[in-house]
Amino acid sequence: MGLARTLTMRAITLIAVLILVVFFMVIILGATGTSDKILQAMVNEEVMMLRQSLAKTIKDPQELERVINIRRQELMEFYGLTKPWYIRLPDMAWRVLTLDLGKARTLKTFAGGNKVSDIVMERLANTIILVTSSTVISAVIGLILGVRIATRVGGILDRISSYFSAISYAIPTWWIGIILILVFAFFFRLFPFGGLYSTPPPTDPFMRFLDMLWHAVLPVTTLTIASVGVWIYTTRTIVLNTAQEDFVNAARARGLPEELVRNRYIIRVAAPPILTNVILGLATSISGAILTETVFNWPGLGRLFYDSILVMDEVVVIALTYIFTLVYVVARFLLEVLYVILDPRVRY
Amino acid sequence: MSVKAEDAFQEFWRLNVSKVGVLFLAILVILSIYVVTSYPLDFGVRYWNNPSYWADYPKSAPPSWVNYFSDRKLPEHYVFSLDKPSNILPTESGKVLLYTFKLDFQADKPPTFLSFTLENVTYYSQPLIVKLDVKRPDEKSIELYRFVVPAPYLNESPPYRRFYDQPKRISLTGDMTVASTLARFLLREYNVSMKPSEINSIGQHTVIFSVPNQNKQFNVLKGEYWFTLSIETYDNRDYVGRVKLVVGGDVYGFMGTDSLGRDLSIGLLFGFPIALFIGIVTSTITTLFGAGLGIVSGYIGGRLDEVIQRTADFVNNIPLLPLLIFLAFILGQNIWVLVFLLVAFGWPTLTIVVRSMVLQLKSGQFIEAAIALGAPRWWIMFKHIFPQVAPFIFAQLIFFTPTFILLEAALSFLGLGDPTIPTWGQILEYGFRSGGIYVGLWWWIIPPGLLIIWTAVTFVLIALGMEPVVNPRLRRMK
């Protein structure tokens, strides 16, 4: 009972965040007149199609114009363009929530379609692959090194890691990516400059997978370098604090083996606060992904963001802002579930 | 909790990180002051983003010190500029102004282009005749170019002013007349027969600076070149403002140039005050705003507290960069919009922390005493609570600064920087977008990133140094 209640509360809060963000976006779009532009483009699109199909049946140009004008009026009415933007707010918000934003101006899906929702959705997986794999790698490295360093506080490794984590706070992720390209792609020719597959991509599915791995090495390394310092440092600090607690001393005093004390008394207790830090760092990972994908031409949502800014495709920018918030909210919820599993105290 | 300023400073100065941080900051500030006092305000629009200003600079040239690391010396870039003629010869009807330029050419590769420029020309009777000759190290001379300043228009009366608004730039490279002249020169001196179009494709400058063999291969001729620009005048009042000769090089300056020929050292220098401005101004406003809300929220409490805390939770819970991109894209790329957005999304963390600190202070006896003495609420917040949290707020101000510098750089890199103000992020963005990293133009890619990191590290170091001051618990632990 307690578990379901806690999770429902978290879900409601996060959904509220999502809806508020969407409303905020729509208000900005309405107040700047951008939403008028988008809806007008949708009306024009339909009118154009209508004109093409009617031109075959209605030969009289004046009659054709009249019919089209009536239809245009109807469409304006339907899309709410005859009303001021603040009346249309809920309607526009619903459009954003369901990604019903019409067609992109210049950007296309890999197959050549131009429906915004298709363009965005087909790239979602690529972003998730990138972010997830780099997070898992940093987590594994961070946890192993962090715990190890916590047992030897003040050692060389400890000092290096704390400097590294302070410096990594000051290094732009994307610049690391650029430097990796310069060194490993340009000078040593070890890895590709970017993209998801070689051109042409290998036909054999297994070779194709290896080809993708080869392309993923540099972007994943970039994201890992950017986040692993913080992982190591927080793990070290939290483990260190836990290790000084009385119950740990008591366990040691009872003569329990060191390994058991570490795994069951220290790490188990330190896990929830470490996870809290991961949750707080989630937004940073998403930003890192946007920029890293851009640098490596990785065909995910982040690179699409860059492309849509370059060609000024505002519907795609809107869709992406929403999708990123959605991805963030979903990821956050999954982590909260994990948190509840790790920390029994939250359940009651 | 409250610390005397002097003790606090001593505590801060004890650490090496603080000293290094303050030294770095001093360098940043000095460079920024230099830029602010010596650069024009409209530097971005008038110079940096104005390609014609950089026409005479070599494109994508590495810094000139790369020559120290290689056996094959690349040609340096030479710009000769003269305001006064080097010599004046009288003639029957007027005089000839002579501008002489000496170039000691020692590179293993010919220059990349050759051009000259005339500025601010005035004449009274006949149009001036301009001639360019070169005498090479092998004592051979070539008359390279002949040009007549545009004649008076219909109804125009003297003085006839030419090339005042837009200097006249004549590129010998790519000029077919020069190519024909050089074809005759090659045939006459070396008995090498080449079509002008062939010369045009290998470059007029290559022919001028080298000796051909019978296989039409050109070897660089090292030594002293004398270029003479003679301008024939017909009236004593005739005047030429400035004459420039540019011998295009493959290396340039201390930092090299980008693909538009812009001198990167100039652009990178301009980035200093901008980065400091964005970092410090945004951080200051954000900290004051966030801390102010935190104090009010914590001290006043009640419904106001609820509203502020819920809003802070909300803003804290949204992924920042996507929304910033969205807003910068829709609202336009302007540095003030950017500062506003960074403040609008940066305040909540501090509000939440300061509020919890204020809640603890609120029950203190000194507050009770102030209330008992009838002090108004704003007085208590300003005079009693603010000084207590001020050291913490100040440390946060420093701590936040690199975040904003990096965010600005990130947005600039995505193409959302203010186009009228060049920043390090924008230099990197252009280097990335125009493919500089794919052809290995490292001098374009590495320095702006290092400068961003250096500036951010400066503030990180100072923040590290301030930690024991603000958080006395750490002091005891050491």
Side-chain angles (χ1 to χ4, degrees), chain A residues 13-14 16-18 20-21 24-25 28-29 31-32 34 162 166-167 169-179 181-183 185-187 193-194 280 282-291 294-295 301-302 305-306 308-310 312 314 317-318 320-325 327-329 332, chain B residues 17 310-311 313-333 349 399 402-403 405-407 409-411 413-416 424-425 428-429 431-433 435-442 445-446 448-450 452-461 463-464:
Chain A
T13 320
L14 287 170
V17 166
L18 186 68
L20 278 171
V21 169
F24 175 71
M25 284 168 63
I28 298 279
L29 288 175
T32 52
T34 315
S162 61
I167 299 288
Y169 175 68
I171 301 181
T173 316
W174 41 281
W175 190 73
I176 300 176
I178 289 180
I179 294 304
I181 289 183
L182 205 59
V183 174
F186 180 76
F187 284 118
F193 281 96
L280 289 177
L282 192 62
T284 322
S285 329
I286 286 183
S287 317
I290 293 178
L291 291 155
T294 300
V295 170
L301 295 173
F305 229 148
Y306 178 70
S308 60
I309 294 167
L310 272 192
M312 309 277 280
E314 64 258 285
V317 172
I318 297 165
L320 283 171
T321 312
Y322 162 66
I323 287 291
F324 269 110
T325 318
V327 167
Y328 173 79
V329 161
R332 173 117 191 207
Chain B
V17 280
R310 286 289 78 78
T311 319
D313 268 346
F314 166 64
V315 179
N316 222 2
N317 259 319
I318 50 182
L320 183 55
L321 192 65
L323 216 60
L324 271 183
I325 294 175
F326 169 78
L327 288 169
F329 182 79
I330 298 289
L331 299 178
Q333 289 94 53
T349 333
F399 186 70
T403 320
I405 293 174
L406 293 186
L407 265 177
L411 280 177
F413 182 71
L414 289 171
L416 292 170
W424 297 328
L428 268 169
E429 186 259 346
F432 174 70
R433 186 156 48 88
I437 54 170
Y438 304 120
V439 289
L441 306 183
W442 50 268
I445 304 300
I446 296 178
L450 284 182
I452 294 172
I453 295 172
W454 185 47
T455 315
V457 162
T458 302
F459 289 98
V460 171
L461 290 178
L464 282 179

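Order of the sequence lines sets the chain letters (A, B, ...), proteins ahead of strands, with each chain counted from 1.
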Measure [X] against the heavy atoms of chain A and call it side chain, backbone, both or neither at under 4.5 Å.
X	result
Ile446(B)	both
Leu331(B)	side chain
Ile405(B)	neither
Val460(B)	side chain
Phe413(B)	both

List the atom of [X], the atom of [Y], and the distance in Å for their closest heavy-atom pair.
X	Y	result
Ile309(A)	Leu414(B)	CG2-O, 3.6 Å
Leu182(A)	Gly440(B)	CD1-CA, 3.8 Å
Glu429(B)	Tyr306(A)	OE2-OH, 4.4 Å
Tyr328(A)	Pro319(B)	CD2-CD, 3.6 Å
Ile445(B)	Trp175(A)	O-NE1, 3.1 Å
Phe314(B)	Val17(A)	CE1-O, 3.7 Å

Which answer fits Leu14(A), side chain, backbone, both or neither, if we ask what part of it has an atom under 4.5 Å from a heavy atom of chain B?
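Neither; nothing under 4.5 Å.
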
Let's test your reading of the structure: which of Phe187(A), Phe24(A), Phe193(A) forms the most heavy-atom pairs below 4.5 Å with chain B?
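Of the candidates given, the most pairs with chain B belong to Phe193(A).
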
For chain B, find which of Ile181(A), Val295(A), Thr32(A), Val327(A) contributes the most heavy-atom pairs closer than 4.5 angstrom.
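Of the candidates given, the most pairs with chain B belong to Val295(A).
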
Would Thr13(A) and Asp313(B) count as a side chain to side chain contact (heavy atoms under 4.5 Å, CB included) here? Give the steps.
CA-CA 10 Å; Thr13(A) 320; Asp313(B) 268 346; over 6 Å; no

Name the option with the most non-hydrogen atom pairs under 4.5 Å to chain A; the candidates are [options].
options	result
Ala410(B), Gly425(B), Gly415(B)	Ala410(B)
Leu450(B), Leu461(B), Ile452(B)	Leu450(B)
Leu464(B), Val439(B), Thr458(B)	Val439(B)

Once rounded to the nearest 0.5 Å, what's the spacing between atom [atom1] of [X] and atom [atom2] of [Y]?
X	Y	atom1	atom2	answer
Leu291(A)	Leu321(B)	CG	CG	5.5 Å
Leu406(B)	Trp174(A)	CG	CH2	8.5 Å
Ile330(B)	Ile318(A)	CD1	CD1	5.5 Å
Ile286(A)	Leu320(B)	CD1	CG	11.5 Å

Tell me every residue that passes side chain to side chain donor-acceptor pair (under 3.5 Å) with Tyr169(A), counting only those two or more places apart in sequence or in another chain.
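Tyr169(A) satisfies side chain to side chain donor-acceptor pair (under 3.5 Å) with Thr403(B) only.
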
Atom CZ of Phe432(B) with >12 non-hydrogen neighbours under 6.0 angstrom:
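It does: Phe432(B) CZ has more than 12 such atoms within range.
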
In this structure, which one of Leu320(A), Leu29(A), Thr325(A) forms a side-chain contact (heavy atoms from CB on, under 4.5 Å) with Phe326(B)?
Leu29(A)

